[in-house]
Amino acid sequence: MNYDFRDIEAKWQKYWAENETFKAINDSDKPKFYALSMFPYPSGAGLHVGHPLGYIATDIYSRYKRHKGFNVLHPMGYDSFGLPAEQYAIQTGQHPAITTENNIKRYREQLDRLGFSFDWSREVRTSNPGYYKWTQWIFIQLFNSWYNKSSDKAEAIETLVSLFEKEGNTAVEAVCDEDAPNFGAAEWNAFSEKEKQEILLKYRLTYLADTEVNWCPALGTVLANDEIVNGVSERGGHPVIRKKMTQWSMRITAYAQRLLDGLNKIDWPQPLKDSQTNWIGRSEGASVTFNVIPNADVTSSAVEKPDTIEVFTTRPDTIFGVSFMTLAPEHDLVPKITTPEQKAEVEAYVEATAKRSERDRMADVKTISGVFTGAYAEHPFTKEPVPIWIGDYVLASYGTGAVMAVPCGDQRDYDFAKHYNIAIPNIFEGVDISEEAFADKATTIIANSDFLNGLSYKEATKKVIAELEKIGHGVGKVNYRLRDAVFSRQRYWGEPFPVYYVDGMPQMIDLEHLPLELPEVEKYLPTETGEPPLGNATTWAWDRLKAEVVSNELIDHVNVFPLELNTMPGWAGSSQYFNRYMDPRNDEAIFSPEAIGYWQDVDLYIGGSEHATGHLLYSRFWQKFMFDRGYVPKDEYVQKLINQGMITGTSAFVYRTKINGKVTFISKGKIKTYADYLIEITDGADFDLKPEQFGTSALQKIHADVSLVNASDELDVEAFKKWQPEYKDAEFILEDGKYIVGREVEKMSKSKYNVVNPDAICEEYGADSLRLYEMFLGPLEQSKPWNTAGITGVHSFLKKLWRLFEVIEDKEPTADNLKTLHKTIKKVEEDIENFSFNTSVSTFMICVNELTAQKCTSRAIFEQLAILVSPYAPHIAEELWERLGHTESIAEAPFPKFEEKYLVESSKEYPISFNGKMRFKLELPLDMGKDEIEAAVLAHEKTQEQLQGRTPKKVIVVPGKIVNIVG
RNA sequence: GCCUUGGUGGCGGAACUGGUAGACGCGCUGGAUUCAAAAUCCAGUGUCUUCGGACGUGUGGGUUCGAUUCCCACCCAAGGUACCA
């Protein structure tokens with residue numbers, strides 16, 4: 001009988017579904033095990049071969065744990081809000097809910113075909129109102145909480161209000177906005193309701209603030225960094241600038257220290273912990289205040305209260321080396337302090353900076369640029385004037401957006417000073433700074449620094465902080481690179497905020513009226529006045545009396561108020577989904593106390609490391625918040641995390657520019673340099689790019705779908721024009737009549753248009769083959785290229801396995817059979833525990849090869865082998881299990897037990913090396929002693945042959961391992 | 001730029017704590033079977049070679065009896081870099 005995988009796989013998939021084989025119960029005598037894979041975003045391209053990699057690994061582990069007697073929870077769902085569905089909606093007018101529903105259907109079919117042991121009764125979708133009701137609920141909980149530094153946890157906002165009523169805010173230790181005013185109890189009680197709300201907003205864990213966005217004026221919308229190529233929009237190639245906008249933020253910085261500390265108690269990969277540690281970026285130093293010297297020419301400088309610049313520095317010990325200050329061009333003070341003579345230059349520079357992305361500014365360390373503001377600050381100790389510059393190497397979002405520049409001690413400051421001829425005072429004992437800055441803290445001895453002379457870095461730091469505190473110009477401070485997370489998106493396809501505005505102040509909708517469902521809109525684009533897409537909704541106002549959404553026309557600011565127009569970001573729905581799986585149909589609470597009490601936390605989480613500083617940090621933050629407020633029993637939700645490596649694909653690129661106002665794509669071979677291609681293609685003709693614009697934005701590298709490109713890297717130009725409507729009328733500059741694309745290896749992703757689908761592979765080889773092959777590709781954690789060709793190897797292994805079971809007899813296994821089996825049990829069990837699934841597959845191949853050679857027919861051996869294989873290739877395992885005479889599923893059959901006694905050896909084939917190189921092998925008994933081995937080896941004729949009369953200088957014998965002869 | 005990971009035959013990869021480099025599979029070559037093909041099976045397959053052997057794990061150094069494994073410096077590729085998820 002042939003191995004008919006199509007019938008077998010369909011049969012068992014049906015069996016598992018009908019018998020609810022993998023349904024988890026929220027209570028059991030068995031120990032619990034919660035295995036989780038990161039849920040997918042259901043994109044229009046369907047599941048690609050990169051997705052199942054982690055799912056297969058989690059599935060193998062889940063099935064293994066079932067064999068080991070655990071009550072396993074292994075759920076799956078969809079992260080179904082997101083940008084691509086919305087972009088598709090913009091292009092086609094199709095409602096994102098419809099495309100999302102279709103995509104999910106497709107994903108489900110694809111997932112079902114792979115034979116996963118998911119408990120589908122617990123499926124969640126982040127875009128379902130029944131789910132996002134609880135995302136909105138958490139948002140409200142955050143809004144109604146503040147962070148108490150004394151108790152080091154989040155507390156209900158009521159406790160803060162009662163503190164304010166009793167003693168004002170002077171004694172309150174809270175994480176809050178920098179500009180929170182000081183007030184006493186009497187003042188608080190005298191504040192109007194609006195004033196009180198304004199103040200509370202500065203304390204809430206989610207709050208409104210002005211933050212920067214990538215604004216694209218031509219598209220009238222905010223763009224994701226992902227949608228920007230070389231400083232212009234990917235869609236249309238329009239300029240993008242940085243602009244401030246009022247948005248919701250999450251006070252994740254309140255948790256900075258706890259997010260760091262928590263890393264010590266979880267079993268996560270070290271690189272991932274490092275990423276989070278660096279992201280949080282704790283540094284110790286001092287906050288120092290410089291006064292700006294008033295200038296009569298600058299109208300705004302108030303006489304009584306001078307402007308101050310606050311800086312954070314990790315090297316307060318070098319304060320006497322300050323020779324200038326640099327502000328981020330966006331710094332609030334810049335327009336206030338700039339002198340009339342410098343105004344034009346400063347404004348031009350600020351405008352130019354707004355066009356650069358933060359990443360660009362960080363990455364570019366070669367270009368030094370800046371402008372003098374004309375203003376001076378006063379050195380807190382020497383009282384000398386210090387010139388104030390602006391420079392784009394200072395980022396507004398890090399620290400205070402201002403630095404005290406110490407050119408002798410910081411290379412960037414040094415380069416800046418050199419470039420602009422600013423003095424570089426040397427404040428280090430015995431150090432030459434004529435060539436470069438000196439930044440070695442360990443050997444620092446301070447000089448030319450008044451009271452700090454002769455001190456080390458440590459001593460000087462301590463002393464200077466004390467002095468700064470004395471004169472009221474600074475304080476020791478721990479700074480974090482981590483910033484509060486912007487939580488608003490100017491998008492349609494996301495969770496609506498349960499928020500309406502009364503007199504400009506945000507109000508939460510009561511829990512009993514949730515979910516607040518997304519309104520219908522006619523267009524998914526921003527409104528003509530630049531409001532987010534929800535601004536297009538005509539029924540988007542909150543009637544406080546009726547507690548329902550009503551027409552905008554009824555807004556009277558008395559009972560009917562405007563609703564929030566932004567939506568939540570992609571990570572909102574994924575930050576607590578793992579807890580929702582525990583009790584996904586609960587409509588009364590996010591989960592019942594019983595469910596969370598039983599499942600507690602995730603035992604194993606497998607997902608990509610690219611989520612290190614996004615999802616995996618935000619969800620830890622929310623979990624800690626949920627813990628503080630008493631909703632969950634653990635403040636870390638994942639004990640053990642494994643990063644699956646990416647499957648890489650080969651992307652194709654086209655090169656876009658504009659010539660004579662027309663979008664033009666240039667074949668790869670035609671671009672050597674910008675100058676080259678312009679000469680070559682313009683042929684003296686008129687074109688609308690000026691030479692000074694030849695910078696990075698003159699040409700953009702754009703992804704083309706790999707399905708439009710053949711094996712010789714030729715683009716199907718006609719298909720490409722049809723692929724995206726905006727390319728319909730584009731021009732193409734060809735080479736030899738062809739358009740040749742660029743190729744690069746990148747992670748496989750829908751957004752990079754380089755995906756390979758698993759469907760055809762399933763059809764041709766079956767799910768078990770695909771499962772085995774994905775594991776066989778290489779170590780789970782490493783990224784690896786996809787190449788379907790090799791799958792025939794694992795497929796023929798399955799055929800061999802099938803043939804091995806052709807004759808089944810109730811025969812005693814031979815010693816060889818048992819040795820092969822137990823060798824396999826040992827290795828496979830070790831491999832699963834170490835998540836080394838690739839080597840298991842090789843082990844199975846060796847096992848089947850050996851048993852076939854031994855002509856094994858023993859039922860006892862086959863039973864054990866079927867269970868071993870079942871986590872990896874569950875369909876064939878079930879079928880073989882049935883052939884062995886079982887009527888129940890193999891899913892809970894106990895895992896085979898390894899017995900050492902079958903593997904005991906009496907001799908070893910020793911490698912005999914000369915100067916570390918193996919020359920021949922010699923079989924010797926394992927109980928032979930060191931000296932006997934040495935004697936036996938030296939007596940051997942091949943040894944004499946190798947030595948050719950020389951006497952060995954040394955003989956190293958490691959019993960059971962190796963013999964090495966030196967000489 | 002910064003942080004993280006990786007680099008071993010034509011390809012994916014293996015090698016547990018420093019001890020036989022290239023397991024297992026793909027591909028390729030030759031053979032069997034077949035009218036032929038597919039499928040299957042058998043044998044071979046790191047490079048060079050005067051057929052003794054020599055050289056080989058990104059590059060250059062170092063430690064060691066012995067290094068893919070440990071140390072130092074460098075090169076290259078991928079992921080992340082705060083609005084892709």
Side-chain angles (χ1 to χ4, degrees), chain A residues 38-41 43 79 81-84 213-214 222-228 247 269-272 274-275 277-279 281 358-366 393 397 412 481-491 569-571 574 608-615 617 643 645-646 648 744-747 749-752 773 776-779 781-787 789-794 796-797 799 803 827 830 834 836 838-839 841-846 849 909-921 952-956 958 960-967:
Chain A
M38 286 182 186
F39 62 168
Y41 172 78
S43 81
D79 189 11
F81 272 135
L83 211 45
V213 295
N214 299 313
V222 174
L223 295 177
N225 288 331
D226 216 44
E227 299 173 289
I228 303 168
Q247 306 190 83
Q270 194 56 42
L272 184 68
D274 291 347
S275 293
T277 305
N278 294 328
W279 188 258
E358 268 196 13
R359 194 184 305 176
D360 199 27
R361 285 161 63 179
M362 279 189 287
D364 184 6
V365 291
K366 290 192 197 97
Y393 75 101
S397 53
R412 262 184 329 186
R481 202 180 72 102
L482 182 72
R483 320 203 279 250
D484 279 344
V486 179
F487 200 66
S488 294
R489 297 291 182 268
Q490 294 68 41
R491 309 282 177 195
W571 55 272
S574 58
S609 60
E610 67 270 27
H611 300 281
T613 53
H615 163 59
L617 193 65
N643 281 135
M646 267 151 311
T648 52
E744 264 173 53
V745 171
E746 293 183 298
K747 73 166 171 175
S749 159
K750 145 93 176 157
S751 65
K752 300 187 189 302
Y773 186 56
F776 189 59
L777 278 180
E781 288 98 329
Q782 274 172 31
S783 70
K784 43 206 165 269
W786 179 263
N787 176 11
I791 197 168
T792 52
V794 291
S796 52
F797 156 74
K799 287 196 270 190
R803 276 201 305 273
K827 178 75 175 132
E830 279 171 9
N834 293 321
S836 172
N838 55 323
T839 47
V841 180
S842 308
T843 304
F844 287 135
M845 290 175 172
I846 294 167
N849 287 346
E909 197 177 33
Y910 279 90
I912 313 299
S913 340
F914 292 79
N915 299 318
K917 291 256 171 215
M918 201 275 288
R919 294 303 176 208
F920 67 93
K921 289 178 193 167
K953 286 194 194 110
K954 204 169 175 184
V955 180
I956 285 135
V958 185
K961 281 249 160 82
I962 200 172
V963 178
N964 189 20
I965 297 163
V966 187

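In what follows, every heavy atom counts, from backbone to side chain, and hydrogens, waters and symmetry copies are set aside. Below, chain A is the first sequence line, B the second, and so on; all start at residue 1.
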CA sep, side-chain torsions, deciding dist, call: A:W279, A:L617, side-chain contact (heavy atoms from CB on, under 4.5 Å): CA-CA 9 Å; A:W279 188 258; A:L617 193 65; 3.3 Å; yes
Give [X] one of three labels, base, sugar-phosphate or nothing, depending on what nucleic acid heavy atoms sit under 4.0 Å from its own.
{"X": "A:T792", "value": "sugar-phosphate"}
{"X": "A:P40", "value": "nothing"}
{"X": "A:Q270", "value": "nothing"}
{"X": "A:N278", "value": "sugar-phosphate"}

Ion pair A:E358/A:R483, N-O distance below 4.0 Å: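 Salt bridge present between A:E358 and A:R483.
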Distance, P atom - from B:rG60 to B:rA78, rounded to whole angstrom: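 My reading of the P atoms in B:rA78 and B:rG60 gives 23 Å.
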Sequence-distant partners of A:N834, side chain to side chain donor-acceptor pair (under 3.5 Å), two or more places apart: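 Scan of A:N834 (side chain to side chain donor-acceptor pair (under 3.5 Å), adjacent residues dropped) gives none.
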Verdict with reasoning, A:K752 to A:K750, per side-chain contact (heavy atoms from CB on, under 4.5 Å): CA-CA 5 Å; A:K752 300 187 189 302; A:K750 145 93 176 157; over 6 Å; no
Inter-residue atom distance A:L482.CG - A:T277.OG1, 0.5 Å rounding: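 Nearest 0.5 Å value for the CG-OG1 distance: 11.5 Å.
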Distance test, side-chain N/O of A:R919 to OP1/OP2 of B:rA54, below 4.0 Å: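 Yes.
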Residue-phosphate contact under 4.0 Å: A:K747 side-chain N/O, B:rG80 OP1/OP2: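 So the side chain of A:K747 is within the cut-off, an N or O lying under 4.0 Å from OP1 or OP2 of B:rG80.
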Pair pattern of RNA chain B in dot-bracket, where unpaired bases get dots and | marks partners in another strand, Watson-Crick or G-U under 3.5 angstrom: (((((((..(((......[....)))((((((.......))))))(((....)))..(((((..]....))))))))))))....
